[in-house]
Asks: 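One structure is given below, represented as C-alpha cells, and several questions about it will come after.
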Amino acid sequence: MEQVKVLLQDREIPKKWYNIVADLPTPMKPPLHPGTGQPVTPGDLAAIFPMNIIEQEASGKRWIKIPEEVLQKYLLWRPSPLYRAYNFEKMLNCPVKIYYKHEGVSPAGSHKPNAAIPMAYYNKMAGTKRMVTETGAGQWGSALAMATQMFGLECRVYMVKISYEQKPYRRILMNTWGAECIPSPSNLTQAGRNVLAEHPDSPGSLGIAISEAIEDAVTGKNARYGLGSVLNHVLLYQTIIGLEAQKQMEKIGVYPDVVMGCCGGGSNFAGISLPFVCDKIHGKKVKIVGAEPSSCPSMTKGPFAYDFGDLAKTTPLLPMYTLGHDYVPAPIHAGGLRYHGMAPIVSHLVREKLVEARAYDQLKTFDAGVKWARTEGFVPAPETDHVLAAVVDEAQRAKQEGKEKVILFNWSGHGLVDLAAYDAYLAGKLEAYELPDKEVERALNAIKDFPKP
Ligand SMILES: Cc1ncc(COP(=O)(O)O)c(C=O)c1O
C-alpha cells in the first residue's frame, strides 16, 4: 500500500504567515494616489480598510503572527491534506511525481476562506459592523459571507449579474451564511447607476462590482471593504498553504522541482509558492509557474504598468501586469480568473524572473479537469483546471527532456457548484479563446497617460 495523504496534526498548524516583502532582492514600486501621483499613505486607505489591515498591507516584517481566534477557525479544515496524485500520474505516463494541496476541503470549497477569516477578524477588532465586497462566480463572496457570520458582522456582496443569474447556487450559499447578495450593476450605487444608464442590459464585470462595493463601503456607516485577492495582505494570509506544504513535504523527505498554481488575482498561487520563492531567493533550485487563462492573459500578454484595480478608478494605482482596467474578459467559465490585473507581488516576481507564467485556453483546461475527475475522483473548479493543464504540460516536458521531476501544485477548489460549466464542455459548447493582439494594443492605449513604474 502506498501513502496517498500526508497529514499534519492540529497542533502542527503554522502559527505565523510569511511576508515575502522582507526577502525581495529588489524593492517593489509603491501604489500611487491617482490624484497626486505620490505613494499612497495609510490615511488614503482608511475609508476603505481598517488600520490593522492597512499596517499589514504596508508591512516589511518577515513573519506575522496568526491570531489565536483565526487559528481556531482555520482548524475547522486546516491543516489541509497534501495528496500524491498516483492515478493521474499513471494516466499521464510521464516521469513525474505529483503532489497537491487540497484546498477544496474548506467549508466554502476553496482557498478563499484562508483570507476571509482573518479579514473578518481584523475588521471585528477594529469596530467594523458591516463588510462589503464583490464576487465573480461567487467563491470569494461565499467565503466572506461565512467568515463575517463567524465573527458577527453583516455582509453585502455585489455579484457580477451574469453569474448571479446563471449560477444561483453560490448566491444561495451566501444567503445561507446570512449575507445579502446584490446583482451588479445595481441601482444602489452611483457607479452602478452610471453603467445602467448607458447599458441597461449590462451583464456586469468584476471591475464594475469592485467599484460598487468600494462606493458602498466608503459611504456606509461603520462599513469597510474586503478584497479577495491582488493586495499584499490577501497574499500574506494565503501563505498558510505553502507553509503547511513545506512541513508536509519535509515529513516525507521530498522537495519539489516545480511549484504551480492557477492565477486570477494571484492569491492562491502566491499562497502555495511564496515560501518556496523564499527558498529560491536563498539558493534552492526550484521552478515556480503560474497558469492563467489565454482569454485574460495579464502576465503573458499585458504590459507591466500602473493601473487601477477597478473600472470606476476608485482604487490606488497599482504596479502590475494589466490588460487595462476597462478590459472586459470573454465569458469563460472560470469566473475567478476573469480579472484584468495581477497581484503587484506576483507581477514583481515575474519581472525578477523568480516566477514564470503560462496561459491556457479553456478547452485545454477542461480537458485536464475531466481527466483529473476520471482518475483522482475530485471534480476541480474551472479555475483549478488551469493549473491542471499546466501540470500536464510540465509532465510532458519532463518526458521529452528525459528527466524525473517532482511537481507540487495547489488544488484551489472543487467544482461541485460549477457543474453547468462541465455540462457545457461535455456537450461541446465551449470555445477556445485567445486574446487578439489588437486588444492588447487597446489596453496599452487606455493606460498610456498613467505614471510609469
Ligand atoms: C477555486 C478558485 N481558484 C482560483 C481562483 C483565482 O483567484 P486567485 O488568483 O486570487 O487565487 C478563484 C477565484 O475566485 C477560485 O475560486
Side-chain angles (χ1 to χ4, degrees), residues 80 100-116 119 133-146 157 159-160 163 167 169-170 173-174 206 209-210 226-242 260-274 289-293 295-299 309 320-321 329 332-347 349-350 355 357 359-360 365 369 372 378-390 409-418 421:
S80 71
Y100 70 99
K101 276 293 269 182
H102 194 324
E103 291 296 308
V105 297
S106 81
S110 78
H111 64 293
K112 295 286 179 184
N114 298 334
M119 217 176 274
T133 195
E134 74 293 324
T135 196
Q139 291 269 17
W140 169 246
S142 55
L144 194 69
M146 179 190 78
V157 183
M159 183 170 186
V160 175
S163 300
K167 301 181 178 182
Y169 292 107
R170 288 233 166 245
L173 266 177
M174 289 180 240
L206 220 39
I210 295 176
L227 186 64
S229 190
V230 181
L231 294 181
N232 297 7
H233 65 278
V234 186
L235 275 53
L236 172 82
Y237 303 148
Q238 293 292 352
T239 59
I240 185 101
I241 305 171
M260 311 179 103
C262 67
C263 296
S267 76
N268 88 89
F269 169 58
I272 192 148
S273 66
L274 293 184
V289 182
E292 62 182 9
S295 59
C296 196
S298 52
M299 292 182 287
M320 59 182 179
Y321 284 99
I332 58 160
H333 276 277
L337 306 188
R338 293 176 64 228
Y339 182 66
H340 66 273
M342 184 48 58
I345 285 182
V346 174
S347 297
L349 295 172
V350 171
V355 160
Y360 297 94
T365 62
W372 181 273
F378 299 110
V379 178
E383 291 84 0
T384 311
D385 287 345
H386 288 70
V387 69
L388 294 172
F409 77 95
N410 194 36
W411 201 87
S412 58
H414 70 66
L416 295 179
V417 193
D418 303 288

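Numbering of ligands and ligand atoms starts at 1, following listing order. The shown structure was predicted, so the numbers you read here are calculated from the model rather than taken from an experiment. Values reported hereafter were calculated over all heavy atoms of this structure, with side chains retained and with hydrogens, waters and symmetry mates removed.
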Asks: Okay, side chain of Ser267, backbone of Ser229: is any donor-acceptor separation there less than 3.5 Å?
Replies: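 No; zero donor-acceptor contacts below 3.5 Å.
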Asks: Could you go through ligand 1 and note, for every N or O atom, any protein N or O atom closer than 3.5 angstrom, writing the atom names and distance to 0.1 Å, or 'none'?
Replies:
unit_1, atom_1, unit_2, atom_2, d
ligand 1, 3 (N), Ser412, OG, 2.7
ligand 1, 7 (O), Lys112, NZ, 3.4
ligand 1, 9 (O), Gly264, N, 2.7
ligand 1, 9 (O), Gly265, N, 3.1
ligand 1, 9 (O), Gly266, N, 2.8
ligand 1, 9 (O), Ser267, N, 3.4
ligand 1, 10 (O), Lys112, NZ, 3.2
ligand 1, 10 (O), Ser229, OG, 2.5
ligand 1, 10 (O), Ser267, N, 3.1
ligand 1, 10 (O), Ser267, OG, 2.7
ligand 1, 11 (O), His111, NE2, 2.9
ligand 1, 11 (O), Ser267, OG, 3.2
ligand 1, 11 (O), Asn268, N, 2.8
ligand 1, 11 (O), Asn268, ND2, 2.8

Asks: Of Thr384, Asn114, Asn268, which meets side chain to side chain donor-acceptor pair (under 3.5 Å) against Glu103?
Replies: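 Exactly one pass, corresponding to Asn114.
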Asks: Checking Tyr360 now: which residues fulfil side chain to side chain donor-acceptor pair (under 3.5 Å) with it, not counting sequence neighbours?
Replies: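 Partners of Tyr360 by the side chain to side chain donor-acceptor pair (under 3.5 Å) criterion, ordered by chain and then number, come out as Asp393.
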Asks: Could you check whether any side-chain N or O of Lys101 sits under 3.5 Å from a backbone N or O of Ser80, counting only pairs where one atom can act as donor and the other as acceptor?
Replies: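 Judged by distance alone, yes, a pair lies under 3.5 Å.
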Asks: Using the six-membered ring wherever Trp is involved, compare the ring planes of His102 and Tyr100 and label them parallel, tilted or perpendicular (cut-offs 30° and 60°).
Replies: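 If you compare the ring of His102 with that of Tyr100, the planes turn out tilted.
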Asks: Just by distance, no angles: are the side chains of Ser412 and Ser110 close enough, under 3.5 Å, to form a donor-acceptor pair?
Replies: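 No pair is found: no donor N or O on one side chain lies under 3.5 Å from an acceptor on the other.
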